[in-house]
Protein chains: 2
Amino acid sequence: MRGRGSSKDRGKVIKPPEANVRLETVPRQSTIRDVARAAGVGIGTISRVLNSSSQVSRETRARVLEAIRRLGFRPNAQARRILRRRSEIVCFLLSNRDFLHPFHARILQGVESYASSLKHHVLFAVLHYSPRVPPEKIDLPPVLQEHGLIDGVILAGTIYPNLLRRIESIHMPFVAFSNNVVGTDGEQHYDQVGFDDSNGTLQATRYLIEQGHRLIGFVGDTSYPWIQRRFDGYRQAMRESKLKPISAMPRSLDGFVDFGQKSALRILSRKTRPTAVVAGNDETAYGLWVSLRRHGVKVPEEISLIGFDDREEAVLMDPPLSTVRVHKEEIGETCMKMLLERLHHPQMAFSHRILPTEFVVRGTVLHL
Amino acid sequence: MRGRGSSKDRGKVIKPPEANVRLETVPRQSTIRDVARAAGVGIGTISRVLNSSSQVSRETRARVLEAIRRLGFRPNAQARRILRRRSEIVCFLLSNRDFLHPFHARILQGVESYASSLKHHVLFAVLHYSPRVPPEKIDLPPVLQEHGLIDGVILAGTIYPNLLRRIESIHMPFVAFSNNVVGTDGEQHYDQVGFDDSNGTLQATRYLIEQGHRLIGFVGDTSYPWIQRRFDGYRQAMRESKLKPISAMPRSLDGFVDFGQKSALRILSRKTRPTAVVAGNDETAYGLWVSLRRHGVKVPEEISLIGFDDREEAVLMDPPLSTVRVHKEEIGETCMKMLLERLHHPQMAFSHRILPTEFVVRGTVLHL
DNA sequence: CGATTCCATGGAACTGGTTCCACACCTTAG
DNA sequence: CTAAGGTGTGGAACCAGTTCCATGGAATCG
């Protein structure tokens, strides 16, 4: 068998006669060359039709499209991606610390929605790590280790600095959801999207003051930076009106609901009981609500209550919970948008986009 | 420029001298051929080392690995996939009717977990469709239209028959989460994973009977097939003990919580008020609970209550809701497992795997 | 009427991996 | 000492696309 001969033969003798039967049961996906042969044109023409790039005559285009339809041809996505050097797939990366919390699920929803409108795909991956391990020891999921599979990463969930440094080390474009970043070091080496925690509670607290409340408490686990920021907003509003902040911060290791429950006791045991409470988030507000109800304290008649996040469940509470709405889908969309900008302009300066929150008045706030 | 000459040159003259500067700012990812040259071996040897397939001498392997390390080489995932004819990416497809409901989010979690343990990737996609449109008019997301991007599909969310037929039409291996399939036509042309709705309520109702309850109601919107199956399980348990089923089925278009609230009125207006109620799901149980509380009826002192699904929130209710636990992650894992089996054995007969449920006793059930 | 420009088209060479065959070299057996 | 078998290695051909250059014919121009 001569060198050149074998090359020519291979093209046609891919299926040796005896193997034909087996191959016919699983019909091989037709390729651009099959289409070219069927339409009686060259392979380049097929490519041009597919990419509607340069000129192809009306009749030729019609013949090619007809052949494509007849053969049921669908271009191979992988092959195309090699040349394009873009996979148009982004990775939504969530730390295992958050499972797929409804809040982040909604962000994912936003990412997917915006991505798919621009013909991009979203790969979902979970990262297992602990805040303590040194960055270089964090085991990134295989998606990030492979080369060429994804174009960039959207990082959600609770993010510790070691993770940020690890992601930076692989030189993969990424955007982080910034509100759950724990312990930033000031300098910004990456793109971020977030919302304004402190402004949210600032508006909420101001609203309570407008409604005539003077004794307003804050309940939230400020060991989380985002709760701390919400506390700051509350304090600012109190300061503006020369009111004295009242806060309850029990020790709790059983999550936000438990924290809310425990802090109810502290609130109730005060000499001067507040007429309203701003909670660090909806879960804390819920815990507080449960505990107040148990103690026969009526919401909002005796104590007004405001949450934060506007989870699905907030509106289902009885009475429905007043809260600070965060547009979760919009966060996802904005993350995706920023990532695409970064991909198209790699040298662009890093930015931090802050989305507004919205105070939603429902049944748990009383006008005094 | 001669034909053959140009081919040889191209390999080396990719960067013409004057373009060198620009190219150095964005260093081209090194390829298998760069590694081969650096290690002084052939390209085949690099491939052999990467796939640890056949024999490579100890020294050669060391030299190659060293070159790989030095050049920071990472194989291009896309190129590899063309030849493998497997992308090792599966698509988790959710209908837009369900957003990313926590229930399905947990299934996704299970899919991801099992997939990643087997070095597979999960692509998240949302499908926009209405139950009414004919199958051929359903617009599948681009992932499913492309060829070679994904190996198979896991279908979750509420699934109407037109969607099933549409997916079947593209001849892509898929596994469906069967509990939310609406209107099956008996014949099974695909793989399914689900859990046993009717057995869940059967166990729960039997438990209530054991606890001495005789007047037991069922509350649930049976227009959903899965709720209907739960109703069937309840009825079977009642029949076994020769008890008369009591049910409340108000009209409600505002979701399960509202349905639960509305049915409370019906329950309470009965001459013989039931001492226990089995709800179609946790949301309905919650709605019922809210409404009962408003009417001053104590749970469980006056009425015992059982939900279904074991959502995260069930345990946070006050008292914590007794419910039928569904292992959502396990559903996801099993879907993924079945899909991989299907991919490896395309001719295998279709199967329907039913996972068990588990009755969880919490605070809302009283022993009479 | 010959030269120039333009458009449509074919196909070689390319992307970055894998596969497989040929071959060199070294044992081991006959 | 030759034949046979085994191991390690190089590289052409391959996958299924894209890119780009050469070509041929029609249209335009001087």
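Just so it is clear: chains get the letters A, B, ... in the order the sequence lines come, proteins before strands, and each one is counted from 1.
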Name all residues meeting the salt bridge (charged side-chain N to carboxylate O under 4.0 Å, His left out) criterion together with A/Glu88; count only those two or more places apart in sequence or in a different chain, and write none if there are none.
->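 A/Glu88 satisfies salt bridge (charged side-chain N to carboxylate O under 4.0 Å, His left out) with no residue once adjacent residues are dropped.
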Could A/Glu341 and A/Lys337 be called an ion pair, given the rule that one side-chain N must be under 4.0 Å from one carboxylate O?
-> no
Nearest-angstrom distance from the residue atom [atom1] of [X] to [atom2] of [N]:
X	N	atom1	atom2	value
B/Asn76	C/dT18	CG	C1'	13 Å
A/Arg48	D/dC20	CZ	P	12 Å
A/Arg37	D/dA16	CZ	P	12 Å
A/Glu146	C/dG16	CD	C1'	14 Å
B/Gln55	D/dG10	CD	P	15 Å
A/Ile82	D/dT19	CD1	C1'	14 Å
A/Arg84	D/dA16	CZ	P	17 Å
B/Phe73	C/dG16	CZ	P	10 Å

Between A/Tyr190 and A/Phe174, what is the ring plane arrangement, given parallel below 30°, perpendicular above 60°, and tilted in between?
-> parallel
Tell me what A/Arg58 touches on the nucleic acid: a base, only sugar-phosphate, or nothing, going by heavy atoms under 4.0 Å.
-> nothing
Output the single nucleotide from [options] whose closest atom is nearest the side chain of [X].
X	options	result
B/Thr60	C/dG17, D/dT18, D/dT9	D/dT9
B/Arg80	C/dG17, D/dT9, C/dT15	C/dG17
A/Pro75	D/dG17, D/dT9, C/dT18	D/dG17
A/Ile32	D/dC15, D/dT18, D/dT9	D/dT18
A/Ala79	C/dT18, D/dT9, D/dG17	D/dG17
B/Thr45	D/dT9, D/dG11, D/dT18	D/dT9
A/Thr31	C/dA8, D/dA16, C/dG17	D/dA16

Side-chain N,O (A/Arg81) to OP1/OP2 (D/dT18) below 4.0 Å = no
Any A/Arg85 side-chain nitrogen or oxygen under 4.0 Å from OP1 or OP2 of C/dG16 =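 Yes, because at least one side-chain N or O of A/Arg85 sits under 4.0 Å from OP1 or OP2 of C/dG16.
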Is the number of heavy atoms from other residues, nucleotides or ligands under 6.0 Å of B/Tyr129 OH greater than 12?
-> yes
Whichever of B/Glu59 and A/Ser30 has its nearest DNA chain D nucleotide further upstream toward 5' =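 Looking at DNA chain D, the more 5' nearest nucleotide goes with B/Glu59.
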Shortest non-hydrogen contact between A/Arg342 and A/Pro173, atoms and distance =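 Shortest heavy-atom contact: CG-CB, 3.9 Å.
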Taking for each residue the nucleotide of DNA chain C with the nearest heavy atom, is it A/Arg63 or A/Arg33 whose nucleotide lies nearer the 5' end?
-> A/Arg63
